[in-house]
Amino acid sequence: MGYIKYIDNIPIRDKIKRKLWLLTSYVLVKPFGARFFNRWILFILRCCGAKIGSHSVVHSSANIPAPWNLEIGQHSVIGNNVRLHIGKVKIGNKVTISQNSYICTGSHDISSRNLPYFCKPIMIHDFAWVAADAFIGPGVTIGEGAVVGARAAVFKDVEAWTVVGGNPAKFIKKREIKE
């Protein structure tokens with residue numbers, strides 16, 4: 001079944017940390033929507049534990065509830081209104097996550113009557129593109145150069161250099177770069 005981290009009793013320290021970040025983001029990140037402020041936004045995210053490579057862009061409207069669980073490579077973009085979940089998310093180099101996408105690391109274990117909440121990390125490899133309004137589920141790995149089509153719902157790993165789309169996402173074709 002892979003790595004699953006159950007979160008039944010979230011320590012009070014973690015709850016406070018998330019609340020402090022929420023307040024910080026509303027005061028020091030959200031008001032600075034112009035592209036000009038990207039360095040400021042990255043500075044604040046880094047101060048709060050995010051690992052972000054050079055020349056990356058994170059839009060101020062992105063919802064990042066736990067920056068200490070975020071790692072972004074170089075030249076990558078997190079677009080407007082992208083929602084990340086509280087679990088670990090690793091984004092490679094030259095990755096684009098388009099507007100309104102939801103990178104969801106958590107869910108509930110439906111094999112238990114109590115439906116305990118769990119988190120599984122998400123990995124998005126170099127040169128991938130997650131198109132507008134896509135959903136990436138817990139534990140999914142998006143392979144190098146893969147494209148997740150607009151409004152796709154991805155619940156299984158996506159192979160490198162493929163294009164997937166639909167709900168649930170299915171293979172459409174191999175991605176070929178013509179230059």
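Just so it is clear, the structure is predicted and the values come from calculations on it, not from any experiment.
Looking at heavy atoms from C-beta onward, N80 lies out of side-chain contact with V82 at the 4.5 angstrom threshold. The closest side-chain heavy-atom distance from F118 to H108 is not below 4.5 Å. With a 4.5 Å cut-off on side-chain heavy atoms, L45 and V58 count as touching. Here the side chains of I136 and V148 are in contact, with some heavy-atom distance below 4.5 Å. Considering only heavy atoms from C-beta on, N81 stays 4.5 Å or farther from N63 through its side chain. Between T141 and H125, some side-chain heavy-atom pair lies under the 4.5 Å cut-off. In this structure, F37 and S60 have side chains that are not in contact, with every pair of non-hydrogen atoms separated by 4.5 Å or more. Between N93 and F127, every side-chain heavy-atom pair lies at or beyond the 4.5 Å cut-off.
Side-chain atoms of S101 never come within 3.5 Å of backbone atoms of R83 as a donor-acceptor pair (strictly under, hydrogens ignored). Of the possible donor and acceptor atoms, none in the side chain of W161 sits under 3.5 Å from a partner among the backbone N and O of V147.
Summarising the local packing, CZ of R175 is surrounded by more than 12 heavy atoms from other residues, nucleotides or ligands at distances under 6.0 Å. Other residues, nucleotides and ligands contribute more than 12 heavy atoms inside 6.0 Å of the CZ atom of F171.
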Practice item. For the pair D109 and S111, evaluate side-chain hydrogen bond (donor to acceptor under 3.5 Å, both in side chains) and give the outcome as yes or no after the intermediate values. Key: CA-CA 5 Å; D109 184 354; S111 65; 2.5 Å; yes
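Within the cation-pi definition used here (under 6.0 Å to the ring centroid, within 45° of the axis), K17 qualifies as a partner of W68.
Here F135 pairs with Y102, F155 under the ring pair (Phe, Tyr, Trp, His ring centres under 6.0 Å) rule; sequence neighbours left out.
Under a 4.0 Å N-O distance rule, the pair D133/R151 qualifies as a salt bridge.
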